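Please read the structure below before turning to the comments.
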There are 2 protein chains.
Amino acid sequence: MREGPDIARIASLVGDPARANMLNALMGGTALTASELALEAGVSLPTASSHLSKLMEGGLLTLASQGRHRYYGLAGPQVAGMIEAITGVAEAVGPKRVRPGPRDGAMRVARVCYDHLAGEQAVAMLDRLVEKDILLRDDREIRLGPSAASHFAAIGIDVDAKPRRPVCRACLDWSVRRSHLAGTLGAAILDKILQEKWARREKDSRAVIFSPPGKQAFDRVFLS
Amino acid sequence: MREGPDIARIASLVGDPARANMLNALMGGTALTASELALEAGVSLPTASSHLSKLMEGGLLTLASQGRHRYYGLAGPQVAGMIEAITGVAEAVGPKRVRPGPRDGAMRVARVCYDHLAGEQAVAMLDRLVEKDILLRDDREIRLGPSAASHFAAIGIDVDAKPRRPVCRACLDWSVRRSHLAGTLGAAILDKILQEKWARREKDSRAVIFSPPGKQAFDRVFLS
DNA sequence: CGCATAGTTCGTTCCTCATCGAAGCATTCT
DNA sequence: AGAATGCTTCGATGAGGAACGAACTATGCG
């Protein structure tokens, strides 16, 4: 019991699934707001806020207030290094089992991942888009194919608008262990799905439930 | 929520104080038995056993059975590296407060550390023994001084017996942050204290309670 | 000014998990 | 063989803490 620094305190902060997901999301290097982190972690905003204040008190995060936004970021490279070390061990000891979160089930099929669609359907969609050369994939990088503009314009999505965010991004899907489509295009597609009422979001959850006709429409447009 | 390896699972294993203490103790590199680890962690043997099986299942420990002894050790350098990383963050964010274990209080004054005495009294004792040149200290290494044999023989402790364990060892005291005396000599001194009934062990605890006359005797022999 | 968005705080509920005593195996000693 | 040691399993207890809804504060927008 030669106890120096309180390692258990720090480890237990990372030891909660919600907090671990938040830290994981912040490993990208960009600071995120409480709402975004709540979405990432799959918890409600009050819960996320509570976790964030714990992480702050533990010294793992920094906070930058900008107007009504509060951007949380990792406290520094040392914290990032620690998380990498833990991640290394975690994948070394092997993927034991996918720990089911509070709300699982339909989530594996389709769910929201921040602002885009994730889950089996999203993975299948990206596969098909790449197969049809509408999107060009090079490992982690995804670019628009020559027919992309016309293809998406046909369903009312403009891929030429240039926001600060990249149009396409690969996002690793935890349930299928393969990538799905993120970026503004991913976000636009999710918008489309919800606007057309092909699916609805489960209340207070990230799950996305397709109606039978909605599923057919989705398959026709993206999986044909 | 791009969840790859289950980092929360690993971190929560380290996140329990008892388990953290065990892992800390194993950072020395030598494998220890369940009993020793129970003592290190300040928990009962059943509790320790439960923790150890969790750490085993989590892949953080290895087990070597030798007869009726079961030696637990860290699973590898990667695990050790992770613990170091966590420790680094823990001391970077500052020693917030010494989290009091289940049983604190008298523990800071005097307690058992495996098989020898720890706490303020033990630290004072080592200081005095070095001051009197009975023991010679060189940083972490402690050797017997020229007068050691006769000094300890006078109180019935034979320092010439040569077991496999070193006679003297420095052991870092978590409550005072300085070293106290371990090794067979440390163990013999604790035996002496208990045999002479200068002190008694608190039931189901590591605390060691000196009686007033016992304290006087101890001071006379070791602190004069 | 209202109204909407972003976040926190409060209070409650609930579940996990750490803890220990007692009893059960297993191994070694005599 | 019996006794002793080392460790694990079982069962019961209890506390900590994760989760959420509702209410509250703060910033920005029209």
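All figures in this text were calculated on a predicted structure; none of them were measured in a lab. Naming: A, B, ... by sequence-line order, numbering from 1 per chain.
- The minimum heavy-atom distance between Leu45(A) and Ser35(A), with the atom names listed, is CD1-OG, 4.1 Å.
- Look at His51(B) and you'll find a side-chain N or O under 4.0 angstrom from OP1 or OP2 of dT19(C).
- Counting all heavy atoms, side chain and backbone alike, Ala122(A) lies closest to Leu117(A) at CB-O, 3.2 Å.
- In this pair, Phe218(B) and Trp198(B) present their aromatic rings perpendicular. The plane angle is above 60°, beyond the 30 to 60° band.
- Here the options are Leu13(B), Leu37(B), Leu26(B), the test is side-chain contact (heavy atoms from CB on, under 4.5 Å), and the partner is Leu61(B); only Leu26(B) passes.
- The distance between atom CG of Asp16(B) and atom C1' of dA15(D), rounded to the nearest whole Å, is 13 Å.
- One can place CZ of Arg9(A) at 15 Å from C1' of dG16(D), the figure rounded to the nearest angstrom.
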*Tell me, for nucleotides 3-11 of chain D in 5' to 3' order, what letter each nucleotide earns: B for a base near a protein heavy atom under 4.0 Å, S for only sugar-phosphate near one, - for neither?*
-BBSSBB--
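- For Arg9(B) against Gly58(B), the heavy-atom pair with the smallest separation is NH2-CA, 3.5 Å.
- Here the P atom of nucleotide dT19(C) and the CG atom of Asn21(B) are 10 Å apart, to the nearest Å.
- Within the 3.5 Å criterion, the main-chain N or O of Ser12(A) finds a donor-acceptor partner in the side chain of Arg19(A).
- In terms of phosphate contacts, Lys54(B) brings no side-chain nitrogen or oxygen within less than 4.0 Å of OP1 or OP2 of dC17(C).
- Contact record, Ala75(B) with Gly59(B): CB-O, 3.4 Å, taken as the closest heavy-atom pair.
- Helix bend of the helix from dC1(C)-dG30(D) to dT30(C)-dA1(D): the angle between its two end axes, each built from five pairs, comes to 20° after rounding to 10°.
- The interatomic distance linking Leu13(A) (CG) with dA18(D) (P) rounds to 9 Å, in whole Å.
- Protein atom CE of Met22(B) is 12 Å distant from nucleotide atom C1' of dT19(C), rounded to whole Å.
- When all heavy atoms are compared, the tightest approach of Leu63(B) to Arg70(B) is CD2-NH2, 3.0 Å.
- Taking atom CG of residue Leu39(A) and atom C1' of nucleotide dT5(C), one finds them 15 Å apart after rounding to whole Å.
- Across Ala38(B) and Ser44(B), no two heavy atoms sit closer than the pair CB-O, 4.1 Å.
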